[in-house]
Structures are given as C-alpha cells and as structure tokens.
*Asks:* 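Below is a structure I'd like to ask you about.
All ligand and atom numbering here is 1-based and tracks the order in the structure.
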Amino acid sequence: MAQEDPSWKIFFEENPKPAHFDENVKLVQDFCQQAAMKKNRVALITSGGTTVPLEQNTVRFIDNFSAGTRGSASAEYFLEAGYLVIFLHRSKSLEPYFRHLVGKNIFDMIEVLPGNVTVGEKHQAELGKLAEKFQRQRCNLLMISFNTLSDYLWLLRAIAQKMQILGPLALLYLAAAVSDFYIPTSQMPCHKIQSSGGPLSLSLQLVPKMLAPLVTLWAPNAFIISFKLETNETLLETKSKESLHKYHHHVVIGNLLHSRKVYVVLVDSKNPNAEEIRLSNSDVESGIEIESKIVDNLKSRHDQYYANHKTG
Ligand code: PAZ
C-alpha cells in the first residue's frame, strides 16, 4: 500500500524540487480552478523521456527513449475532443501543433521581398490550417516542461494533486518514458567525472513506483491510463495486465518499440480480453495517426467512468 511504503516519500525528501516549481504549480492551479468552474474535462498528458544526471553540475546523463510523438499527437486529439490539456513534456521534445513543422526549413516556406515577408504560396494552405488550429486551442493548452526524472516526479505529483478539484473530470495519460533507475542527489559527484579516474562503474538505485501513490493518494478520483513499453512481443500483454493488477488504475496501453506507431493493446480490469488497435497500410497512407483512435477509445471509456461516478 502506498500509504505504508515510505520509499516514494524518501525520494521527495532526498531530491530537491525543480526550478520554477512554485510558479508552474500556480499556473496549474489556476488552470484547474477555471476548468472546474466550467465543468470542463482536463487531460494531463505526460510526454518525452526523463534524464538521470550523473553529476550535480550535469555534463553527462542517462536518457530514456521517447521523441514525444505519442504525447504531442495525443494532446491534439484530446483538445479536438473537447478536453483542456496540461502537457507535461520533456523540454525540446515534440509539442502539439509545432511537431508538424519539425524537419521543415522555415526559410524554404517564406518569401522575402524588399519590405515584405510572406508565406510562400505552396505552403499557405498547410500553415494556415495549422495556425488556425493552434490559435483556436492555445488557451486550452498549458505547457509545463521537465528535464530530469526528479523534475518530472515533483511536477507529476503536484499537478495530480491540483487536479483533484476536478474529481472524475480529470484524466491522466502517462505516455512519458520514465526511468526506473537513478542516482540519488547525495550519491552524485558535485563536479564533472574525470576520465583520469579510469573506467567508470555506475550503481543506480531503483526509482520508487510512483503509480501506487498517484492512484491512491494524489489523484484518487481521476481516470488514469498508463503506458507500458516493451521490446519483446511475448511479454507485452502479460506485463500490461500485471501493471493493471498491481496499481488498480483504469487502463494500461501496451506498445512495442518498433511497432508503436501502428499497434497498441489496451487492457482494463473489466474485460479479461485485451483490445487491440492496429492501423492498416491504407490508414497509414491516408495519414491516420494511431493516437486519434487511442483518444477516441479513451474518451468513450472516460464518458462511462464519469457517468458511473455521478450515479455511484
Ligand atoms: O514518444 P514516442 O512516440 O517516441 O514514444 C512513445 C512511448 C513508446 C515512450 C510511449 O508510448 C510509452 O510506452 N511510454 C511509457 C514507457 C514506459 O514503459 O515507461
């Protein structure tokens, strides 16, 4: 039980809160209060990988794999589905709407004439559509960023706690790739590790399982979805079910590293059989993203959850 397991508490005692923490929490508090007054649904989407620093003055760190595609695409679909979105993301990873411009050269998109800069004709439709979507949603989107594992966990806890005011209107969609291992601040060297000391051996501690206090203490009424990333297909469903049974949240979405853009499996506590979402080749060719189907599926589940809460 999270209440009895002190390891997550020790983590917060031993690892200092991130810079700008109080300002960010205030932004979240105001956002949630406004939403609660209007009875809006709010989705917290976590996205991108956490870093684990090796030095207090950090030159080197261990990174968790994630480009932020899942989170940033899902944020757009949640917004389109009428949710307000808190986007807790790794700094410089993909962001909703801006992700469509990544890899494009802005200077190829504009035309510069003396005294006049315009969008080139062949980019006007695409950029116009994107800008229109972004303008329509920008007030509905709160962006909060992290770098390290510790930043992420501090912010996750605080945001979940502030979302309590929303009761079952809150949805948590935990797509970030969060490290299972870390070096406590007290065991980290202060300065850059010198290669003159010879080969480096690292000893990493296990990160306490934060889903336990998240589900029972920080966000007890929210609808909570976690992701499970595996590389071995034979483990995917079992590991996803194990996580659900251990933490008693609502949905676990399993995905495999190499097929994550076209295939996911959803498990919940009500159905013994997992539900699959798979994109066909023609879906992919016509530009359909798997996140649109994931969000549709979760919106219906959240509708049901909300209805049960109201009558329960
Ligand atoms: O950001 P991305 O689209 O490159 O990857 C998404 C993902 C694979 C990190 C995500 O779907 C996921 O599984 N997150 C949880 C990872 C974990 O098991 O910790």
*Asks:* Would you check if the side chain of Thr148 reaches a backbone N or O of Asp151 as a donor-acceptor pair within less than 3.5 Å?
*Replies:*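 Flag set: sc Thr148 to bb Asp151 pair under 3.5 Å.
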
*Asks:* Quick one: does Leu174 get an N or O within less than 3.5 Å of an N or O on ligand 1?
*Replies:*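 Such a contact does not occur with ligand 1.
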
*Asks:* How far is atom 16 (C) of ligand 1 from its nearest protein heavy atom, and which residue and atom is that?
*Replies:*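 In this structure, atom 16 (C) of ligand 1 has Leu229 CB, 3.7 Å as its nearest protein heavy atom.
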
*Asks:* Is the NZ or CZ atom of Arg41 both under 6.0 Å from the centre of the six-membered ring of Tyr306 and within 45° of that ring's axis?
*Replies:*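 Here Arg41 passes the 6.0 Å and 45° test against Tyr306.
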
*Asks:* Report the part of Ser93 (side chain from C-beta onward, or backbone N, CA, C, O) that has a heavy atom under 4.0 Å from ligand 1; answer both or neither where that applies.
*Replies:*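 Contact part for Ser93 vs ligand 1: neither.
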
*Asks:* Please work out, at 4.0 Å between heavy atoms, whether the side chain, the backbone, both, or neither of Thr69 comes within that distance of ligand 1.
*Replies:*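 Under 4.0 Å from ligand 1, Thr69 contributes backbone and side-chain atoms.
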
*Asks:* Using only heavy-atom distances, determine whether the side chains of Asn64 and Arg90 contain a donor-acceptor pair under 3.5 Å.
*Replies:*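 Short answer, no.
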
*Asks:* Determine yes or no for a side-chain-to-main-chain donor-acceptor pair under 3.5 angstrom, with Tyr247 supplying the side chain and Ser226 the backbone.
*Replies:*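 Side chain of Tyr247 to backbone of Ser226: no pair is present.
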
*Asks:* Which protein heavy atom lies closest to atom 13 (O) of ligand 1, and at what distance to 0.1 Å?
*Replies:*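 That would be Asn255 ND2, 2.9 Å.
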
*Asks:* Between Ala67 and ligand 1, which part of the residue brings a heavy atom under 4.0 Å of the ligand: side chain, backbone, both or neither?
*Replies:*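 It is both parts that get close, each with some atom under 4.0 Å.
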
*Asks:* Examine Ile294 and Leu94 and state if one hydrophobic cluster contains both, with Ile, Leu, Val, Met, Phe, Trp and Tyr joined whenever side-chain heavy atoms are less than 4.5 Å apart.
*Replies:*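 No, Ile294 and Leu94 fall in different hydrophobic clusters.
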
*Asks:* Please list, chain by chain and in numerical order, all residues satisfying side chain to side chain contact (heavy atoms under 4.5 Å, CB included) with Val52, sequence neighbours excluded.
*Replies:*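 By the side chain to side chain contact (heavy atoms under 4.5 Å, CB included) rule, Val52 matches Ile62, Leu149, Ser179, Tyr182.
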
*Asks:* Less than 6.0 angstrom from the centroid, inside 45 degrees of the normal: does Arg301 satisfy that with respect to the ring of Phe223?
*Replies:*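 Judged by the rule, Arg301 and Phe223 form no cation-pi pair.
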
*Asks:* Which ligand 1 atoms, with their elements, are less than 4.0 angstrom from a heavy-atom of Ser66?
*Replies:*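 Numbered from 1, ligand 1 contributes 1 (O), 2 (P), 4 (O), 5 (O), 9 (C).
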
*Asks:* If you count the atoms of ligand 1 from 1 in the order shown, which ones are under 4.0 Å from a heavy atom of Ala175?
*Replies:*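 Close to Ala175: 9 (C), 10 (C), 12 (C), 14 (N), 15 (C).
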
*Asks:* Find all atoms of ligand 1 within a distance of less than 4.0 Å from any non-hydrogen atom belonging to Ala176, and give their numbers and elements.
*Replies:*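 Within the 4.0 Å cut-off of Ala176, ligand 1 contributes 14 (N), 15 (C), 16 (C).
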
*Asks:* What residues form a side chain to side chain donor-acceptor pair (under 3.5 Å) with Lys228, not counting sequence neighbours?
*Replies:*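 With sequence neighbours excluded, Lys228 shows a side chain to side chain donor-acceptor pair (under 3.5 Å) to no residue whatsoever.
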
*Asks:* Purely on distance, is any nitrogen or oxygen of Ala177 under 3.5 Å from one on ligand 1?
*Replies:*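 Between Ala177 and ligand 1, no N or O pair is found under 3.5 Å apart.
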
*Asks:* For Tyr173, which of Ile45, Val85, Leu44 qualifies under side-chain contact (heavy atoms from CB on, under 4.5 Å)?
*Replies:*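 It is Ile45, the one option of Ile45, Val85, Leu44 that forms the side-chain contact (heavy atoms from CB on, under 4.5 Å) with Tyr173.
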
*Asks:* Give me the nearest non-hydrogen protein atom to atom 6 (C) of ligand 1 as residue plus atom name, then the distance to 0.1 Å.
*Replies:*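 Result: Arg70 CB, 3.7 Å.
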
*Asks:* How about Pro53 and Met188: do any of their side-chain heavy atoms sit closer than 4.5 Å?
*Replies:*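 Counting from C-beta outward, Pro53 and Met188 do come under 4.5 Å.
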
*Asks:* Tell me whether Gly48 reaches ligand 1 (any heavy atom closer than 4.0 angstrom to a ligand atom).
*Replies:*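 Contact check Gly48 vs ligand 1: negative.
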
*Asks:* Below 3.5 angstrom, do we get any N/O pair linking Lys228 and ligand 1?
*Replies:*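 Between Lys228 and ligand 1, no N or O pair is found under 3.5 Å apart.
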
*Asks:* Please write down residue, atom name and distance for the protein heavy atom closest to atom 19 (O) of ligand 1.
*Replies:*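 Result: Val178 N, 3.9 Å.
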
*Asks:* Check ligand 1 against Arg260 and write out every atom of the ligand that is under 4.0 Å from a heavy-atom position of the residue.
*Replies:*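 Answer for ligand 1: 2 (P), 3 (O), 4 (O), 5 (O), 8 (C).
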
